[in-house]
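What's counted below: heavy atoms across the whole structure, side chains too, no hydrogens, waters or symmetry copies. Every chain is numbered from 1 and lettered A, B, ... according to where its sequence line falls, protein lines coming before strand lines.
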Protein chains: 2
Amino acid sequence: MSTGNGRAPYRPGAEGARPSKGERTRARVLDSAAELFSRSGFNAVSLRDIAAHAGLTHAGLLHHFPGKDRLLLEVLERRDLIDARELFPGLLRPGSPAPEPARRLRLLLELVARNSRTPGLVALYAKVSAEATDPDHPAHAYFARRYRYLRTELTGIVADLQRAAGTGDAVDPGVVAGQLLALMDGLQTQWLLEPEAVPMEALVRDFLDRLGLLPTDDPEATAGPETGDGAGTESGDGAEAGGVSR
Amino acid sequence: MSTGNGRAPYRPGAEGARPSKGERTRARVLDSAAELFSRSGFNAVSLRDIAAHAGLTHAGLLHHFPGKDRLLLEVLERRDLIDARELFPGLLRPGSPAPEPARRLRLLLELVARNSRTPGLVALYAKVSAEATDPDHPAHAYFARRYRYLRTELTGIVADLQRAAGTGDAVDPGVVAGQLLALMDGLQTQWLLEPEAVPMEALVRDFLDRLGLLPTDDPEATAGPETGDGAGTESGDGAEAGGVSR
DNA sequence: GTCTATAAGTGGATAGAC
DNA sequence: GTCTATCCACTTATAGAC
């Protein structure tokens, strides 16, 4: 019941080969599903809504996906594929090697900053992860695995940063990892409700800064011209590089 | 649409007077609704489910509540009434006076500890607050108000504690308040997914302790025989009084 | 690969009997 | 105060035409 026997195929048909019509329809459906799940959660959205948004009928949609549950899981997995491929490589292929700690810290802060520009995705994870708390939810196993993995990885990152910064081990890295993960999640709910009142990135930076885990004054850690999309990585809220403390 | 013109009556018919049959049915329905919303969120639960659980038909239920939306709001408001009456009095009656800071800190930690014993309520707030992120959700205004109020109150508490502890104002109380609120929320999702791996109370204590906001070694702050329900306030996970740091 | 048509069921809500 | 009966919109899912 919660073991999840069937994995999603995800056959991109080689790396750069031009996608077939079916593959393009699949992609359109996944885009629509992501957008609508983001807006209203999993339970409140129907296959007809998604199909209509993607420009086909719900019967046509079901030709590509065996059911609503599987569609959700593919949406979630595709997001990880795009969003956290380098920062958390083990999310998709368990055991994959990760970059060095300083780079991962930068990628983590970039992820928070990017989230501040994509309310849809943030809402998707906020809503679905809360729903998936129920053991019977189709994405329960996905999120349970995900959080366990993230806590483990963050614990490693924090421990490495402590070692590098010479902060000693007065603070348990596992504790900080759990707090950091909770902080990032909790900020998202607040931010979705009142975006202007909750500068997510600044609050995360401040948390890490108080622990001495932020590079002293490395301007590269603020703006990383790396993630492909271009655009100026504008912080918007005008937070100082070391957090917002007085 | 989001102004919420009609308030719930909540007429307890004097304070101690024995409730009428209608009032008892209402209460039963609210209990059932709270339990089922906790288990599956708002959208996934039907009025028929709730009515059946409370031992009446869904038409009978609708005699007491004008619709599903109003039922949800009454469930949420009743929880606040019971749970945070003293800690956050302004949640129900804006402008009500609050107890002194040290006592509020203790009440706050007690609230976290109590949550660790009531997964149902935690799940209710986790799921519905995520859903309510959507501006069209019936509880959107409720949660927007709630979070704004909580941030304001927590900012005051933190500032008072800083003054009392003589920690200075190196750390912005508003920042800490936002982080603390996010921490508590985020921990709940993690805890619901994997309770043994996430000692909520210890992680919150640790956060506050690192800021020097916890009373040095006051045993009273750990167990407060105050909240009426009795029961031993057992911590369960065996966390040290000052947090779990090494 | 996508459609129409349809099955079989559940949703919130109302009317009126008792 | 609670019931039965009913309405209508909408759900997932299947069968078979094009």
Is there a donor in the side chain of D83(B) and an acceptor in the side chain of Y125(B), or the other way round, less than 3.5 Å apart? no

Think [X] has a side-chain N or O under 4.0 angstrom from the OP1 or OP2 of [N]?
| X | N | answer |
| --- | --- | --- |
| S46(A) | dT11(D) | yes |
| H63(A) | dG1(C) | yes |
| T25(A) | dG1(C) | no |
| T57(B) | dT2(D) | no |

Just how far, in rounded Å, is [atom2] of [N] from [atom1] of [X]?
| X | N | atom1 | atom2 | answer |
| --- | --- | --- | --- | --- |
| D49(A) | dC10(D) | CG | P | 10 Å |
| R24(B) | dT2(D) | CZ | C1' | 14 Å |
| F65(A) | dT2(C) | CZ | P | 11 Å |
| L71(B) | dG11(C) | CG | P | 15 Å |
| L61(B) | dG11(C) | CG | P | 13 Å |
| R26(A) | dT2(C) | CZ | C1' | 16 Å |

Does the pair E131(B)/K127(A) count as a salt bridge with the N-to-O cut at 4.0 Å? no

Can you list, pair by pair, the side-chain donor-acceptor contacts under 3.5 Å of residues 181-191 of chain A, counting residues two or more places apart and other chains?
| residue | atom | partner | partner atom | Å |
| --- | --- | --- | --- | --- |
| D185(A) | OD2 | Y147(A) | OH | 2.5 |
| Q190(A) | OE1 | R151(B) | NH1 | 2.9 |
| Q190(A) | NE2 | G178(B) | O | 3.2 |

Walk along nucleotides 13-18 of chain C from 5' to 3' and tag each nucleotide B, S or - by protein heavy-atom contact under 4.0 Å, base first, then sugar-phosphate. BB----

What are the two closest heavy atoms between L71(A) and L30(A), and how far apart are they? CD1-CD2, 3.8 Å

Cation-pi geometry met for K68(A) and F42(A) (6.0 Å, 45°): yes

Enumerate the residue pairs fulfilling salt bridge (charged side-chain N to carboxylate O under 4.0 Å, His left out) with a member in residues 42-62 of chain B, sequence neighbours excluded, ordered by first and then second residue. none

